[in-house]
Amino acid sequence: MEQVKYILEEKEIPQYWYNILADLPEPMPSVLHPVTKEPIKPEDLAPLFPMELIKQEMSTERYIEIPDEVRQIYRLWRPTTVFRARVLEKALKTPAKIFYKYEGSSAPGSHKANTAVAQAYYNKKEGINRITTETGAGQWGSALAFAGACFNIEIKIYMVRISYDQKPYRRVMMQVWGADCIPSPSNHTNSGREILAKDFNCPGSLGLAISEAVEEAASRDDTHYSLGSVLNHVLLHQTVIGQEAKIVLEKIGEYPDILIGCVGGGSNFAGMFLPFVKDKIDGSHPNIQIICTEPSSCPTLTKGPYCYDFGDEAGLTPLMKMFTLGHGFIPPPVHAGGLRYHGMAPIICHLLNLGLIEARAVHQLGTFQAGVDFARSEGIISAPEANHAIRVTIDEAIKCRESGEAKTILLTLSGHGLVDMAAYQAYFDGKLHNYDYPKEKIEQALKDLPKV
Ligand SMILES: *Cc1c(COP(=O)(O)O)cnc(C)c1O
């Protein structure tokens, strides 16, 4: 019988997170204070984050120890399984070997639990018992709600109103784990009240929800703020994914030729590829191909310029150098909720700029078709976000069929899609369309970029 899944033991959960900042061929551009435009200092971030996470954000130490308390909770679902997609390979008649690492087995159903648990732990350790955050479609909110339940921390979540109304099930998950989830804009903050005064029926946006969550955390001593992607420490926490994958592949004598993942803020795929980029930088595997996939409707890496921008709509966050569609970006109505952010993790942008990784945009209909093909061969119903990575995996496997090359492909499957049935339903009902984000809108947004 051919082996299909590769399962590590609990004691093989990594002991350290891997910090790419130790191995970059060129240092990262500075993060700037939003007002002074000087490089940000640790104390600027102290009202929002525990000092241990601020240190991780700025650290250049190669390995950072994972606390026992965090590893203990990781045991609930880690190490996650690596599968060989044997049925899909046969269906595609490809000589390629397709491996995928599945992060959907955590309680909230995605990789986001890897950082939510770590962030909750460091807050608790510094005596913080209350955290605010924002959530779009609800994946991050549910992950932090779960982590709050692990450490008995009160979690308050500002959820983009349109999702709050249209996607009730993630919100109920948050409630089950004891978090308080309210629609944004709300009357709990100045930013929310200002918008509501102008437009009582405002559907909200991620940028606005961030502004509300940050405002509340900054104005209360007992409350911190937490972010689920983009920042260095978030990507750091996700590196357990790639480290585990490396252990498995080493055991079976494989090394990937191609790594594929989807990017919204960039955390799940960075968690996989950062430990492999290290091998590319040190020259031990110079030819590994690393492909970030994103929606054509939100083409941050493939169409955005590389420049300084804010992380939120109101311009409260530090300025980061990143590929961006402009902080005023209004997401088109596509169904991969987790991939609709205007910017991208600065680490990913830096690596793309250095030519160490590449990016590809794919259309919505093709991603759902790929997700359905995958489910009908491998069983797992993937998150719409991860369907972008499945699309490119299938495309690359077909290229191998045509060229006769037996490449080894490693796909990151960031989560399951069991709370996204409405999106699959819309696909089957023919209600989804392909959409290219217009060039004029990107040019327009460039005019609003902050001057530095
Ligand atoms: C949030 C989310 C993403 C996008 O976020 P990244 O930070 O880019 O990983 C992708 N897949 C799933 C399942 C998500 O929940």
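Every number for a ligand or one of its atoms is a count from 1 in the order of the listing. Sequence positions, counted from 1, serve as the residue numbers for this chain.
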message: Only heavy atoms of Cys262, strictly under 4.0 Å: list the atoms of ligand 1 that pass.
response: 10 (C)
query: Can the ring centres of Phe368 and Phe428 be said to be less than 6.0 Å apart?
result: no
message: Over 60° means perpendicular and under 30° means parallel, so tell me whether Tyr74 and Trp17 are parallel, tilted or perpendicular.
response: perpendicular
task: Would you check if Ile291 and Ile258 make a side-chain contact, meaning some heavy-atom pair closer than 4.5 Å?
output: yes
statement: If you scan protein heavy atoms around atom 13 (C) of ligand 1, the nearest is Ser414 OG, 3.3 Å
message: Between Phe83 and Phe99 (judged by ring centroids, cut-off 6.0 Å), do the two rings come close enough to count as a pair?
response: no
query: Is Glu385 close to ligand 1, meaning an N/O of one under 3.5 Å from an N/O of the other?
result: no
- request: Give the atoms of ligand 1, by number and element, whose distance to some non-hydrogen atom of Gly415 is under 4.0 Å.
  value: 13 (C)
message: Students often mix this up, so state it plainly: with edges at 30° and 60°, are the rings of His237 and Tyr122 parallel, tilted or perpendicular?
response: parallel
Subset of ligand 1 atoms that lie under 4.0 Å from at least one heavy atom of Asn268: 6 (P), 8 (O), 9 (O), 10 (C)
query: If hydrogens are left out, which of Gly136, Ser142, Gly265, Ala143 has an atom nearest to atom 5 (O) of ligand 1, that is, the closest non-hydrogen atom?
result: Gly265
- prompt: What protein heavy atom sits nearest atom 1 (C) of ligand 1, and how far off is it?
  reply: Lys112 NZ, 1.3 Å
- request: Give the residue and atom name of whichever protein heavy atom lies nearest to atom 4 (C) of ligand 1, and the separation in Å to one decimal.
  value: Gly338 O, 3.4 Å
- request: Applying side chain to side chain contact (heavy atoms under 4.5 Å, CB included) between Met272 and each of Ile260, Thr239, Leu410, report the one that passes.
  value: Leu410
query: In ligand 1, which numbered atoms sit nearer than 4.0 Å to a non-hydrogen atom of Ser229?
result: 6 (P), 7 (O)
- line: Per-atom filter on ligand 1: closer than 4.0 angstrom to a heavy atom of Gln139 are 14 (C), 15 (O)
- prompt: Hey, does the side chain of Tyr169 reach the backbone of Leu418 with a donor-acceptor pair shorter than 3.5 angstrom?
  reply: no
field: Side chains of Gln238 and Glu103, donor plus acceptor under 3.5 Å
entry: no
- prompt: Hey, does His111 sit under 4.0 Å from ligand 1 if you only count heavy atoms?
  reply: yes
- prompt: So, do Phe310 and His327 have ring centers that fall under 6.0 Å from each other?
  reply: yes
- prompt: Any idea which atoms of ligand 1 are less than 4.0 Å away from a heavy-atom of Gly266?
  reply: 6 (P), 7 (O), 8 (O)
task: Identify, by atom number and element, the atoms of ligand 1 in contact range of Ala383, meaning under 4.0 Å from any of its heavy atoms.
output: 13 (C)
message: Residue-level breakdown please: for Ser267 versus ligand 1, do any non-hydrogen atoms fall below 4.0 Å on the side chain, on the backbone, on both, or on neither?
response: both
- request: Go through the side-chain N and O atoms of Asn114 and Arg78 and say whether any donor and acceptor fall under 3.5 Å apart.
  value: yes
- prompt: Heavy-atom contacts under 4.0 Å between Glu103 and ligand 1: side chain, backbone, both, or neither?
  reply: neither
query: What atoms in ligand 1 come closer than 4.0 Å to a heavy atom of Val263?
result: 8 (O)
